[in-house]
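Order of appearance sets the numbers: ligands from 1, and atoms from 1 within every ligand. Counting begins at 1 with the first residue of the sequence.
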Amino acid sequence: MRRWWADAVFYQVYPRSFRDSDGDGVGDLDGVSAGLDYLAALGVDALWLNPVMVSPMADHGYDVADPRDVDPLFGGIDALDRLLDAAHARGIRVTMDLVPNHTSSAHPWFVQALADPRHRDRYIFRDGRGPHGDAPPNNWVSVFGGPAWTRITEPDGTPGQWYLHLFDPAQPDLNWNHPAVFEDLEKTLRFWLDRGVDGFRIDVAHGMAKPPELPDMAVTDTALLRNSDDDPRFDNDSVHDIHRFIRTVLDDYPDAVAVGEVWVHGNERFARYLRPDELHLGFNFRLVQADFDAREVHDAIDNAIAAANLAGATPTWTLSNHDVEREVTRYGDGARGLARARAMALVMLALPGAVFVYNGEELGLPNVDLPDEVLQDPVWERSGHTERGRDGCRVPMPWSGDAPPFGFSSSTGTWLPMPAEWAPLTVQRQQADPTSTLEFYRRAIQLRSSRAEFTGSRIELNTADEVLTLRSEGGLVCVLNTGAEPVPLPPGEVLLTSAELTDALLPADSAVWLI
Ligand code: TEU
């Protein structure tokens, strides 16, 4: 059976930054509803909303204090119901972020755990090491920098136990050996699915399970860890029991989809998450990690398809999200970075499987260099101001007008400042310009979803002299030129190009679709 998500274009909405309906400078769900006509015209099939549950926002919603309600900042649960109705009326599905690895430190379970040592077993509390227990239980580091343990003060005022947090101290890790944690997640899944939500993006899907003895890490340097297979914090075998559990619940809702954030090394490890009784889809980050280089892009595609094939699953494609530098900037910034990002969009949209577009990508937004004093990502503080964090890819979307806040909000006090140089990048300006990145994206998505050449799951890749040629089963040819010189086009009728062709040659930093 062909599922709706198997070739869908998902649009990732970072709710703080899409559109603000109530003038507080922070985007919200009625803002998303107000943008639905725009999204329908863009041609997207589904939304993925970053977390909107009740949260103190220490990590902008990834610290959930009540998993079964919507934060008032985003308009409360009625705003979500309005969005579900309005999206479904336009044939757009809505998926939500789910955060099962940790809760907020303001979650009632954690508040209770702090107050009473008998209620700590839903989290990971341990005595410290050393004579006075003043050293952390092991050497684990937090993904955001610094130790992954924080010591609490006991109710009687004495220095007490330590709790584990792979991210911020405001995000204590749950103990997935506790049945209450499973029961509560099932309640949460059914709560949203019964309300009409079409599925979930599962945060840190490779986390959750921890080895019972909590062994020390062999490597604690974050830069080295990125390429290390030996990280006891993640990808433990028993995580698959959790995914199987989630799947049994989702199977009661045959159209619902679960897509996991799976940051693991190697295709074998990745494919385990996509076995028939686990996740439907897994984010494959190989395209995010590839440089603008034909060989690297070729290998990224090959590996992503090989990983999906190992499990008989659908591949997924993404160039950016709310955690990584925007691709325009990654590829060199300025006109060149934008040209390359447009070229890569044609490559991504030519591929079989599910595609994820991050809000603002369709406008060609670059990352923003923000001044120190406005930075909000916990990474900035936790790294001792050595890493600037992810705020630069989360700046609100420019909609209209000639100056900030560009129609995003009625307030100039947007939660992150918007650069004045974004005036030419607004939706309004780009809609009026047939050569704009927005019009290019719209056309590409429309062709992808309407033309028979895009069907079929097999593709053939060839790379020679910095030129990648991709042929789909349905007869689409996509050529990407990452070299410095223009190259001749293969025979065929041009469907779309990311840049203007000169004398029937494909310029450097561009791509073309032919049939
Ligand atoms: O990101 C998880 C994350 O930080 C990954 O980088 C991964 O866990 C790491 O590389 C280790 O392999 C998710 C969200 O996307 C992010 O925005 C949140 O801050 C984070 O979880 C915590 O909830």
With no hydrogens and no angle check, do the side chains of Thr188 and Arg68 hold a donor and an acceptor under 3.5 Å apart?
yes

Establish, from distance only, whether the side-chain atoms of Trp109 and Asp184 form a donor-acceptor pair under 3.5 Å.
no

Per-atom contacts of ligand 1 with Val143, taking only distances under 4.0 Å to non-hydrogen atoms
4 (O)

The closest protein heavy-atom partner of atom 6 (O) of ligand 1 is Trp263 NE1, 3.9 Å

Are more than 12 heavy atoms, taken from residues, nucleotides or ligands other than Asp372, located less than 6.0 Å from that residue's CG atom?
yes

Out of curiosity, is Gln171 lining ligand 1, as in a heavy atom under 4.0 Å away?
yes

Any donor-acceptor pair under 3.5 Å from Asp63 side chain to Ser55 backbone
no

What do you reckon, does Arg394 put a non-hydrogen atom under 4.0 Å from ligand 1?
yes

Parallel, tilted or perpendicular: which describes the rings of Phe234 and His206, with under 30° parallel and over 60° perpendicular?
parallel

Closer than 4.0 Å to some heavy atom of His102 - which atoms of ligand 1 meet that?
22 (C), 23 (O)

Would you find a donor on one side and an acceptor on the other, under 3.5 Å apart, between the side chain of Arg269 and the backbone of Asp235?
yes

Nearest protein heavy atom to atom 11 (C) of ligand 1, by residue and atom, and its distance?
Phe234 CE1, 3.6 Å

Closest non-hydrogen protein atom to atom 23 (O) of ligand 1, residue and atom name please, with distance?
Asp203 OD2, 2.8 Å

Please determine whether any non-hydrogen atom of His265 lies less than 4.0 Å from an atom of ligand 1.
no

Within the side chain of Asp203, is there an N or O that forms a donor-acceptor pair under 3.5 Å with the backbone of Leu98?
no

Atom pair CE/CH2 of Met344 and Trp317 - distance to nearest 0.5 Å
10.0 Å

What residue and heavy atom of the protein are closest to atom 4 (O) of ligand 1, and at what distance?
Phe167 CE2, 3.3 Å

among protein heavy atoms, the one nearest atom 15 (O) of ligand 1 is Asp323 OD2, 2.5 Å

Using heavy atoms and a 4.0 Å limit, tell me yes or no: is His60 in contact with ligand 1?
no

Which protein non-hydrogen atom lies closest to atom 19 (O) of ligand 1, naming both residue and atom, and how far is it?
Asp59 OD2, 2.5 Å

Under 4.0 Å from a heavy atom of His322: which atoms of ligand 1 are those, numbered in the order shown and with their elements?
14 (C), 15 (O), 16 (C), 17 (O)

Within the structure provided, determine whether Leu73 and Asp24 are in side-chain contact (heavy-atom separation under 4.5 Å).
yes

Under 4.0 Å from a heavy atom of Arg390: give me the atoms of ligand 1 that qualify, with their elements.
16 (C), 17 (O), 18 (C), 19 (O)

protein heavy-atom neighbour closest to atom 2 (C) of ligand 1 works out as Glu261 OE2, 3.2 Å

Report the nearest protein non-hydrogen atom to atom 12 (O) of ligand 1: residue, atom name, distance rounded to 0.1 Å.
His206 NE2, 3.4 Å

Hydrogens and angles aside, do Glu362 and Tyr11 bring a side-chain donor and acceptor to less than 3.5 Å of each other?
yes

The atoms of ligand 1 lying under 4.0 Å from a heavy atom of Phe144, numbered in the order shown, are 19 (O)

Between the side chains of Asn367 and Arg390, is a donor N or O closer than 3.5 angstrom to an acceptor N or O?
no

